[in-house]
Amino acid sequence: MSAALSLVDVRKNFGETQIIRGVNLEIPMGQRHAIIGPNGAGKTTLFNLISGRFPLTSGSILLNGERIDRLAPHEINRRGLSRSFQITSIFPKMTVFENIRCGLLWSRGYRYSFWHLLGRQKALNEESEQLLEQLNLQQRRDLTAGLLSYAEQRALEIGITIAGGANVILLDEPTAGMSHSETEYAVNLIRSVSEGKTLLMVEHDMSVVFGLADAVSVVVYGEVIASGPPETIRGNKAVQEAYLGTEAA
Ligand SMILES: Nc1ncnc2c1ncn2[C@@H]1O[C@H](COP(=O)(O)OP(=O)(O)OP(=O)(O)O)[C@@H](O)[C@H]1O
């Protein structure tokens with residue numbers, strides 16, 4: 001299987017402090033991969049490096065075999081990598097349907113061409129209706145997005161991110177702040193809308209990690225200390241000691 005995303009000896013210093021200390025990761029196409037680790041381990045920093053928000057100190061990052069580590073975030077996005085943030089980034093005053101349409105429009109790159117846009121209205125509307133259904137938000141179609149519940153807002157944002165056409169998706173704590181039932185809804189949603197895509201997520205909730213991920217990497221103090229299938233990680237002594245604690249039992 002060829003790698004959708006590769007990190008080769010990635011390092012990041014903030015001033016004198018080494019935060020990411022030689023991370024190597026190979027995410028095969030179509031894999032759902034979770035990054036776990038204690039607070040401050042460097043997980044979000046890794047996402048910031050992959051998505052182009054921070055420059056690397058050294059090392060390289062490849063998306064579908066091509067280097068992306070010197071590109072700007074929007075260029076990386078254009079090459080097929082999309083990131084969803086911890087904080088919702090939908091437009092609260094637009095309706096749910098308008099948000100979906102806007103997200104699809106943006107991701108398809110029609111924002112510069114009014115004429116192109118006119119010709120594509122019908123297809124775009126159909127695609128938006130399909131996504132609305134897939135997200136199970138038909139009942140909320142004409143509601144202002146700011147009035148959705150927190151879980152629904154996150155679902156909308158994740159749905160737009162994943163459906164945006166990118167084939168590699170980064171999700172930063174997709175179920176943070178959700179109740180048990182909302183988490184279940186989000187996991188099912190992520191599973192269905194990410195079918196066939198490559199997913200890299202930072203997640204603290206172990207039930208989500210072990211329920212959704214095909215592979216798990218454990219980051220401790222800026223290094224990957226273990227990487228493999230969830231069952232192997234769960235049984236790894238070093239991981240249990242460093243991070244999982246009694247949760248692994
Ligand atoms: N822009 C920055 N400048 C300086 N230090 C930073 C910066 N961003 C992150 N750090 C430091 O890097 C370390 C790793 O932070 P990071 O947010 O990547 O950890 P994390 O694993 O995502 O933690 P959490 O699980 O709490 O979100 C922390 O010590 C943090 O203070």
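- Cluster membership check: Leu25 shares its hydrophobic cluster with Phe54, using side-chain heavy-atom separations under 4.5 Å among Ile, Leu, Val, Met, Phe, Trp and Tyr.
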Query - Residues Leu49, Val23; criterion side-chain contact (heavy atoms from CB on, under 4.5 Å); working and verdict - result: CA-CA 11 Å; Leu49 296 172; Val23 164; over 6 Å; no

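- For the residue pair Thr175/Glu203, the side-chain donor-acceptor check at 3.5 Å is satisfied.
- Side-chain atoms of Asn64 and Asn167, non-hydrogen and from C-beta on, do get closer than 4.5 Å to each other.
- To the nearest 0.5 Å, atoms CD1 (Ile20) and CG (Asp9) are separated by 12.0 Å.
- Side-chain atoms of Asp69 do not come within 3.5 Å of backbone N or O of Ser60 as any donor-acceptor pair.
- A side-chain donor from one of Glu26 and Ser6 sits under 3.5 Å from a side-chain acceptor of the other.
- The line from CG of Leu199 to CG of Asp214 is 9.0 Å long, rounded to the nearest 0.5 Å.
- Using a 4.0 Å cut-off between charged side-chain N and carboxylate O, Arg154 and Glu157 make a salt bridge.
- Using a 4.5 Å heavy-atom cutoff, the side chains of Leu135 and Leu189 are in contact.
- Ion pair Glu126/Lys122 flagged as a salt bridge, since at least one NZ, NE, NH1 or NH2 atom sits closer than 4.0 Å to an Asp/Glu carboxylate oxygen.
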Report task. List the steps, then state whether side-chain contact (heavy atoms from CB on, under 4.5 Å) holds for Glu231 with Phe210. Result -> CA-CA 8 Å; Glu231 316 78 60; Phe210 292 113; over 6 Å; no

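- The cationic group of Arg83 does not satisfy the cation-pi geometry with Phe47, failing either the under 6.0 Å distance to the six-membered ring centre or the 45° limit from the ring axis.
- Transitive grouping of hydrophobic side chains (ILVMFWY, heavy atoms separated by less than 4.5 Å) brings Met206 and Val216 into a common cluster.
- Rounded to the nearest 0.5 Å, atoms CG (Asn99) and CG (Leu104) are 10.5 Å apart.
- Between Ala213 and Pro230, the shortest heavy-atom distance links the atoms O-CG, 3.3 Å.
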Query raised in the report: Does the side-chain contact (heavy atoms from CB on, under 4.5 Å) test come out yes or no for Asn39 and His204, once each step is laid out?
Result: CA-CA 9 Å; Asn39 290 339; His204 282 287; 3.6 Å; yes

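- Of all heavy-atom pairs spanning Lys12 and Pro55, the tightest one is NZ-O, 2.7 Å.
- Of all heavy-atom pairs spanning Ser194 and Arg32, the tightest one is OG-NE, 3.0 Å.
- Here the straight-line distance linking atom OG of Ser84 with atom CG of Asp172 works out to 8.0 Å at 0.5 Å rounding.
- Both Ile190 and Tyr185 are members of a single hydrophobic cluster when ILVMFWY side chains are connected at heavy-atom separations under 4.5 Å.
- Minimum interatomic distance between Phe97 and Ser128 (heavy atoms only, all atoms of both residues): CE1-CB, 3.5 Å.
- To the nearest 0.5 Å, atom CG of residue Leu147 and atom OG1 of residue Thr95 are 11.5 Å apart.
- Taking every heavy atom of both residues into account, Pro38 and Lys43 meet most closely at O-NZ, 3.0 Å.
- Cluster annotation: Leu124 and Leu137 are assigned to the same hydrophobic cluster (Ile/Leu/Val/Met/Phe/Trp/Tyr, side-chain heavy-atom contacts under 4.5 Å, transitive).
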Query raised in the report: Does the side-chain contact (heavy atoms from CB on, under 4.5 Å) test come out yes or no for Ile233 and Val209, once each step is laid out?
Result: CA-CA 11 Å; Ile233 294 297; Val209 170; over 6 Å; no

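- Between Glu184 and Met178, the closest side-chain pair of non-hydrogen atoms is not below 4.5 Å.
- Taking 4.5 Å as the limit, every side-chain heavy atom of Pro92 sits out of range of all side-chain heavy atoms of Thr144.
- Between His33 and Ser227 the shortest side-chain heavy-atom distance falls below 4.5 Å.
- Considering only heavy atoms from C-beta on, Arg21 comes within 4.5 Å of Tyr221 through its side chain.
- Atom CZ of Arg191 sits in a crowded spot, with more than 12 heavy atoms from other residues, nucleotides or ligands closer than 6.0 Å.
- Screening Val96, Leu132, Thr161 for a side chain to side chain contact (heavy atoms under 4.5 Å, CB included) involving Leu156 leaves a single residue, Val96.
- Gln138 CD: more than 12 foreign heavy atoms inside a 6.0 Å radius.
- Nearest heavy-atom pair across Ser51 and Leu170 is CB-CD1, 4.3 Å.
- When the side chains of ILVMFWY residues are joined at heavy-atom separations under 4.5 Å, either directly or via intervening members, Leu5 and Val8 end up in two distinct hydrophobic clusters.
- The CG atom of Leu200 lies 8.5 Å from the CG atom of Leu171; values are rounded to the nearest 0.5 Å.
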